[in-house]
There are 2 protein chains.
Amino acid sequence: MRKIPKPTIRRLAIYYRCLERLEQQGEENISSKLLAQMVHIKDSQVRKDLSYFGSFGRRGIGYNIQKLLSEIRKILGIHKSWRVVIIGAGNIGQAIARFKHMEKHNFQVIGVFDTDKRKIGKQITNNLVVSDINSLESFIVHNQAEIAVIATPAEAAQSVAERLEKAGIRGIICFAPITLDCNIPVEYVDITVFFKTLVHSVVSQTHNV
Amino acid sequence: MRKIPKPTIRRLAIYYRCLERLEQQGEENISSKLLAQMVHIKDSQVRKDLSYFGSFGRRGIGYNIQKLLSEIRKILGIHKSWRVVIIGAGNIGQAIARFKHMEKHNFQVIGVFDTDKRKIGKQITNNLVVSDINSLESFIVHNQAEIAVIATPAEAAQSVAERLEKAGIRGIICFAPITLDCNIPVEYVDITVFFKTLVHSVVSQTHNV
DNA sequence: TAGATTGTTAATCGATTAACAATC
DNA sequence: TAGATTGTTAATCGATTAACAATC
C-alpha cells in the first residue's frame, strides 16, 4: 500500500464532519468541487485523498454521501466504539469527560483518574466518578480501555504514559505540554501552542499589509 | 522575507516550552542536537527553523536559553499580553476560561459570552462572569479584545465569526467543528478530529506489524 | 590545537495541484 | 449527445535532511 500522507488522514476526518452535516440536510450526493469549497481546499485534493483508499465516486455525479461516510468510518477506524480513560481531572480532563461530542463520535469515556485526594470521588457526569490513579492499571485491563487522554501537568505525563503503555493502552491524546517517549501512537493537543501560532499569524499579517 | 513554513511556526512554540523547562532547570545553553532529541526531530530541522529569523547560536557552544526564549517570544508575538474573549460557555469554553496556562502564557481571558439565559451571570472564575452575547461587540470595542475563542455549537460559529471580525477581533481559535469563512487568521482545534486521526494510527499500526 | 556545534547550501523527500482521458 | 465530474498521472511546489565550511 502506498504511503498515506498524514494531512490526508486529518482531512478525511474533516470531510467526515461535512458529510455528516450534508446527510442531516438530506443531501444525496456531493461533488469534490463542493466538498472542497466547504473546507477551503482544492477539489483535486479531495479526489486525491480519497483515491488513496479506493474509487468511491461516480463520474458525472459525485460521491454518494451515505456511502462515503461509511467508507471514511472504515478507513479511520471509527465504525466501532472506542473505550477511553482520562488521566487528570483538571479543567481539560473534566471538559473532555463531559464533552457530548465524544459519545456521539463513538468515543466512550469509561474512567477518569487523578492523584489529588480532593478530586477523587468527585462526580463528573451521571456515570463518571474520579478514581484514584492507583487503580489505573487494573481498571484498564478489566475494562479493556484502548485510548487514553493525558490531561495531567507536564511533569507527570511521561510516567503516566509509560504506565498506560504497559497496561495495554493503544493510543494517547496528550494535552500535557511535553513530547512523550513511547511506542504507541500519540496525538498532541497543546492548547497554548494554537494560541501562539495564531498570534504569530496576527502579528505577521499586520507587517505584510 | 523568505516564506516561513507553517510547521516551523508550530515547532517554534514547541521549542519554546522546552526552553522554558530548561531555563527552570537552571541550564545556560542548549545545542540543536539536544533540543531536537527532546522533541523527536532532526537537529538540522531545529537549526533551519531558527535560521529563518536570524543567527541566534554560537558555533561550538549552542544557543543561550534566555536569549533564544526572548527571540522566540518576539518572533511569535507573545512578548506582549493578548486580550481574549470566549464565545460559548459550555464545557470547552469554561475549561479554557479557567485554564491556568492561559494567563501564564500571556493570554488574558477578559470575557465569556453565551446566549443561554441559564448560563448568563454564572461565575466562572474569581473575575469572570458569563455575559449575554448581546453585549459582545460593545465589550470587544471597549476592552480592545484582540483574540476570540469560538466554543459554540457548529451552527452558531459562522455568524459569531462574522460579528467578531466586524467588531475588530484579529484572530480566532475555533473549537467548533466547522470551517469558517472569514478574513482574519483562524486556528482550528476540533478535539474529535484528534481522536479520529489517533484511532487511524492505532488501527493501521496493527495492520502493518 | 582538537572537538563541538552552528548556519547555510544543495539534495532529497513528500504533498499539492493542474490537466485530462474516462465515463456517468 | 453535451455537460459534469471522477480517478489518475505528471508537474509543481514546499518542507526536511544531509553535508560541510566556518568558527567558537
Original post:
Of R11(A) and G57(B), whose nearest nucleotide on DNA chain C comes first from the 5' end?
Top reply: G57(B)
Original post:
In whole Å, what is the span from the CG atom of D43(A) to the P atom of dT6(D)?
Top reply: 8 Å
Original post:
Contact class for R58(A) vs. all strands (heavy atom < 4.0 Å): base, sugar-phosphate, or nothing?
Top reply: sugar-phosphate
Subject >> Phosphate contact (dT6(C) OP1 or OP2) by S32(B) side-chain N/O below 4.0 Å >> reply: yes
Subject >> OP1 or OP2 of dA15(C) under 4.0 Å from side-chain N/O of Y52(A) >> reply: no
Subject >> Partner nucleotide, any strand, of dC20(C) [Watson-Crick/G-U, under 3.5 Å] >> reply: dG7(D)
**OP:** Indicate, with a heavy-atom threshold strictly under 4.0 Å, whether S44(A) touches base, sugar-phosphate, or nothing.
**Re:** base
Original post:
What is the distance, rounded to the nearest whole Å, between atom CD of Q45(B) and atom P of dG14(C)?
Top reply: 13 Å
**OP:** Could you tell me the separation between the CZ atom of R47(B) and the P atom of dA18(D), rounded to a whole number of Å?
**Re:** 11 Å
Subject >> 5' priority, DNA chain D, between I61(A) and G54(A) [closest heavy atom] >> reply: I61(A)
Original post:
What is the distance, rounded to the nearest whole Å, between atom CG of N64(A) and atom P of dC24(C)?
Top reply: 16 Å
Original post:
When only distance counts, do a donor and an acceptor, one from the side chain of R59(B) and one from the base of dT6(C), lie under 3.5 Å apart?
Top reply: yes
**OP:** Check whether the ring centres of F195(B) and F107(A) lie less than 6.0 Å apart, and answer yes or no.
**Re:** yes
Original post:
Expressed in angstrom and rounded to an integer, what is the separation of I41(B) atom CD1 from dA15(D) atom P?
Top reply: 15 Å
Original post:
Are Q158(A) and D181(A) close enough that a side-chain donor and a side-chain acceptor fall under 3.5 Å?
Top reply: no
Original post:
If you measure only the distance, is there a donor-acceptor pair under 3.5 Å linking the side chains of D190(A) and H101(B)?
Top reply: no
Original post:
Rounded to the Å, how far apart are D49(A) CG and dG7(D) C1'?
Top reply: 13 Å
Original post:
Can you tell me how far P of dT6(C) sits from OH of Y15(B), to the nearest Å?
Top reply: 12 Å
Subject >> DNA chain C: 5'-proximal contact among K42(A) and K6(A) (nearest heavy atom) >> reply: K6(A)
Original post:
Of the nucleotides dT17(D), dT17(C), dA15(C), which has the atom closest to the P5(A) side chain?
Top reply: dA15(C)
Original post:
Which of the following nucleotides, dA15(D), dA18(D), dT8(D), is nearest to the side chain of P7(B)?
Top reply: dA15(D)
**OP:** Please round to the nearest 0.5 Å and tell me the distance separating atom CD1 of I14(B) and atom NZ of K196(A).
**Re:** 10.0 Å
**OP:** In whole angstrom, give the distance that lies between atom NZ of K3(A) and atom C1' of dT16(D).
**Re:** 13 Å
**OP:** Verify whether one side chain among T125(A) and R98(A) offers a donor that lies under 3.5 Å from an acceptor in the other.
**Re:** no
Subject >> Selected nucleotide, minimal atom distance to K48(B) side chain, candidates dT17(D), dT5(D), dT8(D) >> reply: dT17(D)
